[in-house]
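Letters A, B, ... mirror the listed sequences (proteins, then strands); counts begin at 1. Treat the numbers as computed from the prediction; the structure is a model and nothing was measured.
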Number of protein chains: 2
Amino acid sequence: MNVQLEDNYGKREAVLKSTLALIKEYGFHGTPMSMIAKHAGVAAGTIYHYFDSKETLIVELYIHVKDRLAKAILVYDDKKLPYKDRFFNLMINQYNFYIENPDALVFLEQYVNSPFAKNYPEKESQLFIDKVHTFFNYGIENAYFRNIDPRLLAPTVKGTLVAAANFQLSEHIVFSKEDLIEVINIVWDGIKRQNLQHIQYP
Amino acid sequence: MNVQLEDNYGKREAVLKSTLALIKEYGFHGTPMSMIAKHAGVAAGTIYHYFDSKETLIVELYIHVKDRLAKAILVYDDKKLPYKDRFFNLMINQYNFYIENPDALVFLEQYVNSPFAKNYPEKESQLFIDKVHTFFNYGIENAYFRNIDPRLLAPTVKGTLVAAANFQLSEHIVFSKEDLIEVINIVWDGIKRQNLQHIQYP
DNA sequence: TGTAACCGAATGAACGTTCAATTAGAAGAT
DNA sequence: ATCTTCTAATTGAACGTTCATTCGGTTACA
């Protein structure tokens, strides 16, 4: 009896999940709706009960994945810890999310470089903006970071983490905890406020 | 509309150029062969005189663009200069290439995250491998860089530069020379061999 | 009995590719 | 120079397939 609500939600969820998996394998244009339907165990028409079109399905999938990413990033975030520790924790979480959800990684990268991102710039995960952007802004306002345009920070960080995750996944290597910390040190050493010897802050 | 202004460049060239421009605008699946033909000022059938299929057209376009990128990166490279100076010069060149060829930037990012890159891993620009990889390997062997897996270096560097270039292009901002140097400093400070005070190399 | 979820064959438009026909140009012969 | 011949380049209508979407009908359930 309480299963029905779950079941109803289940089909929508199944469609999203199948779309994610198939897009990783075949790309956007390589995955017809019929394939999604079959993979998700629903009829083709059912997809249109939950989504207006293939395009909105993909846009909604993007928000769905970004929501999941935002939640995963913030696990165990403790505002009482030093900012650098919090930063490292967030980076570790983000990295692990990619490793545990390679299809999400591939999909997100495909999406942001596709015309979708340009055509629906307003379609974003509100959760991600609220939480993750807030975290970065805090670091900027409190001068933990280099004095660059704040809008450059997040992409810069993401670029390196994505590169590392893609590398691990494509080469079928397992990074040790130390390896990962080293990668995050690359990011941190790059963007942290530099204390150059010849400049003195009184 | 008609890209084939210079007839001496040939129809093959015009097709590649049009494909690049249209993919930036509409993505892979958004640009039918008929549209490419019209934009390039050739008949649909003519494309198949130069390319076996749409798929090979895109793969060959990838190699074509990577070749151009490799050439652009290496402009004014002087092996007598200090390695760090050479590194900065290469980064500046790479960045400028993206800014001057936004369609190439978008295309490359789309390509590497698409199934093409997975399905044709052997299709790469030999020029790029020869020149650019060689440059990075030199830096690794001579310990200019942090002690990480060398295969992580190039993607890490590229990630940050691409982030910066995309940012400038999407926000319609013009970076000053100093801004760009600051971005490259982020990269360099991240990947250079760190001299931590508490570790002494005799 | 009413409504929402669900089905899957049918539809029609879009697309990649083919091909028979035409043109351009080069090479050779006279 | 002119004509002949051969090949490569080019054309675009036609073909066959694929695919997103629709819709009339069915089921589940409240």
Side-chain angles (χ1 to χ4, degrees), chain A residues 1-62 107 110-111 114-116 119-120, chain B residues 1-62 107 110-111 114-116 119-120:
Chain A
M1 49 163 264
N2 45 10
V3 188
Q4 349 127 320
L5 229 169
E6 245 176 59
D7 257 3
N8 292 348
Y9 218 66
K11 304 238 170 182
R12 201 191 115 101
E13 200 73 15
V15 168
L16 288 171
K17 205 170 168 182
S18 293
T19 307
L20 193 61
L22 291 169
I23 282 182
K24 180 216 158 111
E25 198 69 22
Y26 307 108
F28 285 144
H29 58 302
T31 65
M33 294 296 260
S34 54
M35 200 191 281
I36 295 172
K38 194 174 176 184
H39 189 278
V42 303
T46 304
I47 300 179
Y48 288 85
H49 181 72
Y50 294 104
F51 306 97
D52 285 344
S53 65
K54 190 179 184 182
E55 215 164 288
T56 64
L57 163 60
I58 287 171
V59 174
E60 289 190 38
L61 176 58
Y62 170 70
F107 171 75
Q110 280 196 240
Y111 185 90
S114 74
F116 291 110
N119 294 341
Y120 302 92
Chain B
M1 179 77 62
N2 196 327
V3 129
Q4 194 205 349
L5 304 169
E6 343 67 60
D7 273 65
N8 43 334
Y9 262 66
K11 311 227 166 184
R12 199 192 118 101
E13 223 27 54
V15 168
L16 288 172
K17 209 170 168 182
S18 292
T19 307
L20 192 61
L22 291 170
I23 282 182
K24 180 217 157 110
E25 198 69 22
Y26 307 107
F28 285 144
H29 52 303
T31 65
M33 295 295 262
S34 54
M35 199 190 282
I36 295 171
K38 194 174 173 185
H39 189 278
V42 302
T46 304
I47 300 179
Y48 289 86
H49 181 72
Y50 296 102
F51 307 97
D52 285 344
S53 64
K54 190 180 184 183
E55 214 164 289
T56 64
L57 163 59
I58 287 170
V59 174
E60 289 190 38
L61 176 58
Y62 172 70
F107 171 76
Q110 280 196 240
Y111 185 90
S114 74
F116 292 109
N119 294 342
Y120 302 92

- Message: Checking B/Tyr62 now: which residues fulfil ring pair (Phe, Tyr, Trp, His ring centres under 6.0 Å) with it, not counting sequence neighbours?
- Response: B/Tyr111
- Respond yes when some side-chain nitrogen or oxygen of B/His49 is under 4.0 Å from OP1 or OP2 of D/dA9, and no when none is. yes
- Message: Strictly below 4.0 Å: does B/Tyr50 bring a side-chain N or O up to OP1 or OP2 of D/dT10?
- Response: yes
- Query: What nucleotide, of D/dA20, D/dT11, C/dT17, holds the atom closest to the side chain of B/Lys54?
  - Reply: C/dT17
- Starting from C1' on C/dG16, measure out to CD on B/Glu55 and report it in whole angstrom. 12 Å
- Message: I'd like to know if the side chain of A/Ser18 reaches the main chain of A/Val15, judged simply by a donor and an acceptor atom lying under 3.5 Å from each other, with no hydrogens or angles considered.
- Response: no
- Closest-nucleotide ordering on DNA chain D, the 5'-leading residue of A/His29 and A/Gly45: A/His29
- What's the NZ-P distance between B/Lys11 and D/dT10, to the nearest Å? 5 Å
- Note on the structure: B/Arg12 CZ to D/dA8 P, in whole Å, measures 17 Å
- Query: How many Å lie between CG on B/Asp52 and P on C/dT17, as a whole number?
  - Reply: 10 Å
- Starting at atom CD of B/Glu13, determine the distance to atom P of D/dA9, rounded to an integer number of angstrom. 15 Å
- Item | Within-4.5 Å side-chain heavy-atom neighbours: A/Phe51 and A/Ile58 | no
- Message: So, taking the atom named CE in B/Met33 and the one named CD1 in B/Ile47, what distance separates them when rounded to the nearest 0.5 Å?
- Response: 4.5 Å
- Can you check whether A/Arg12 reaches A/Leu16 side chain to side chain, under 4.5 Å on heavy atoms? yes
- Query: Is it true that the side chains of A/Tyr50 and A/Glu60 contain a donor and an acceptor less than 3.5 Å apart?
  - Reply: no
- Message: Rounding to an integer number of Å, can you tell me how far B/Tyr26 OH sits from C/dA14 P?
- Response: 15 Å
- Crowded around A/Phe116 CZ? As in, over 12 foreign heavy atoms under 6.0 Å? yes
- Item | Stretch residues 31-39 of chain A: residues that reach within less than 4.0 Å of DNA chain C through a heavy atom | none
- Separation of D/dT10 atom P from B/Phe51 atom CZ, nearest Å, is 12 Å
- How close or far is atom P of C/dT11 from atom OH of A/Tyr48, stated in whole angstroms? 17 Å
